[in-house]
Amino acid sequence: MISIGYKFKIIDKLFKIRINKSLEKYNITEAQMAVLFYLDHHKEEKITQKVLAQEFSIKHSTMSGILQRLEEKGYIKITVDAENKRFKNICSTEQVKQFHSEMHHHRDETETILLNGFDDKEKELLNSYLDRIYQNLKNSTEVSDKEIECFERRKK
C-alpha cells in the first residue's frame with residue numbers, strides 16, 4: 001500500500017504540473033502566479049522583496065530570481081524604496097490585470113477537478129481531515145513561530 005505522505009507528495013506534484021501547464025500561455029509558473037496573487041491581495045501595502053521571501057518561506061535569493069523573471073516579463077515593477085535604499089518595493093503592472101481573472105479561473109477550475117465527484121458533505125469532511133492532518137504535523141514538528149505564522153496567513 002502507498003503511504004499517505006507519498007500520496008500527498010504526488011497530488012502536490014500533479015497539482016503544480018496542471019497549474020503550470022495552464023499558465024504556459026502567460027509564460028509564468030505556479031510560484032510566480034502565487035507572488036502575483038499576493039501582490040494583488042496586498043496592493044494597498046508596501047511590499048518588499050524581503051516581505052515576499054518571508055511570506056513564502058523561501059530564501060531571499062530564490063525570491064530574487066522569481067521577481068527578476070517577473071520583471072523581465074513585464075509583470076512587476078521593482079523600485080528602490082525612497083525612505084530606505086536597502087529595500088526594493090514590488091508592485092504588479094497593468095499587464096497583469098489583463099489576465100488576472102484568467103489566472104483565478106485556472107486555479108478555480110483545478111480545484112473543481114480536485115473535488116469532482118465529492119458531494120458537499122464529503123468536501124466538508126475532506127476539509128476537516130486536511131485541517132486535522134495539518135494540526136497533527138504542526139503540533140509534532142519543530143517549526144518556528146515565524147514559519148507557523150506564514151502557514152496560517154497563507155491558509156486564509
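If you're wondering where the values come from, they're calculated on a predicted model, not measured in any experiment.
- For the side-chain hydrogen bond (donor to acceptor under 3.5 Å, both in side chains) test, residues two or more places apart in sequence or in another chain that qualify with Lys73 are Gln32.
- With sequence neighbours excluded, no residue satisfies salt bridge (charged side-chain N to carboxylate O under 4.0 Å, His left out) with Glu72.
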Report, one line per pair, each donor and acceptor closer than 3.5 Å where one atom sits in a side chain of residues 1-9; sequence neighbours left out.
from : atom 1 : to   : atom 2 : distance (Å)
Ser3 : OG     : Tyr6 : N      : 3.2

Stepwise side chain to side chain contact (heavy atoms under 4.5 Å, CB included) check, Leu115 with Leu126: CA-CA 10 Å; Leu115 299 173; Leu126 176 61; 3.8 Å; yes

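- Across Gly74 and Gln95, no two heavy atoms sit closer than the pair O-OE1, 3.1 Å.
- When every heavy atom of Glu71 is checked against every heavy atom of Ile78, the shortest pair comes out as OE2-N, 3.5 Å.
- Just one residue in the list Leu52, Ile90, Ile28 forms a side chain to side chain contact (heavy atoms under 4.5 Å, CB included) with Val35, and that residue is Leu52.
- The CG atom of Asn89 sits 8.5 Å away from the CD atom of Glu83 when rounded to the nearest 0.5 Å.
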Working for side chain to side chain contact (heavy atoms under 4.5 Å, CB included), residues Phe87 and Val51: CA-CA 10 Å; Phe87 292 124; Val51 166; over 6 Å; no

Gln135 vs Asp131, side chain to side chain contact (heavy atoms under 4.5 Å, CB included): CA-CA, chis, key distance, verdict: CA-CA 6 Å; Gln135 288 299 322; Asp131 285 344; 5.6 Å; no

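- Separating the CD atom in Glu30 from the CD1 atom in Ile17 is a distance of 11.5 Å, to the nearest 0.5 Å.
- Sequence neighbours left out, the pairs with a member in residues 103-126 that pass ring-ring contact (aromatic ring centres under 6.0 Å, His included) are Phe37-His104, His100-His104.
- Summarising the geometry, atom CD1 belonging to Ile66 is positioned 11.5 Å from atom CD belonging to Gln68; distances are rounded to the nearest 0.5 Å.
- How far CD1 of Ile47 is from CD1 of Ile76: 12.0 Å, rounded to the nearest 0.5 Å.
- Of the inter-residue distances, the one linking Asp119 atom CG with Lys121 atom NZ reads 9.5 Å to the nearest 0.5 angstrom.
- Looking only at distances, no side-chain donor or acceptor of Arg18 sits under 3.5 Å from a matching main-chain atom of Leu14.
- Counting only residues at least two apart or in different chains, side chain to side chain donor-acceptor pair (under 3.5 Å) contacts with residues 42-51 comprise Asp40-Lys43, Lys46-Asp81, Gln49-His60.
- Not counting sequence neighbours, Glu122 has no partner by the salt bridge (charged side-chain N to carboxylate O under 4.0 Å, His left out) test.
- Side-chain contact between Thr62 and Phe56 is absent, with no heavy-atom pair separated by less than 4.5 Å.
- Using a 4.5 Å cut-off on side-chain heavy atoms (C-beta onward), Met33 and Tyr26 make no contact.
- At distances below 3.5 Å, not a single donor-acceptor pair connects side-chain atoms of Ser92 with backbone N or O atoms of Leu36.
- The pair Lys123-Glu111 fails the salt-bridge criterion, with no side-chain N (NZ, NE, NH1 or NH2) lying under 4.0 Å from an Asp/Glu carboxylate O.
- Rounding to the nearest 0.5 Å gives a distance of 11.5 Å between OG of Ser140 and NZ of Lys138.
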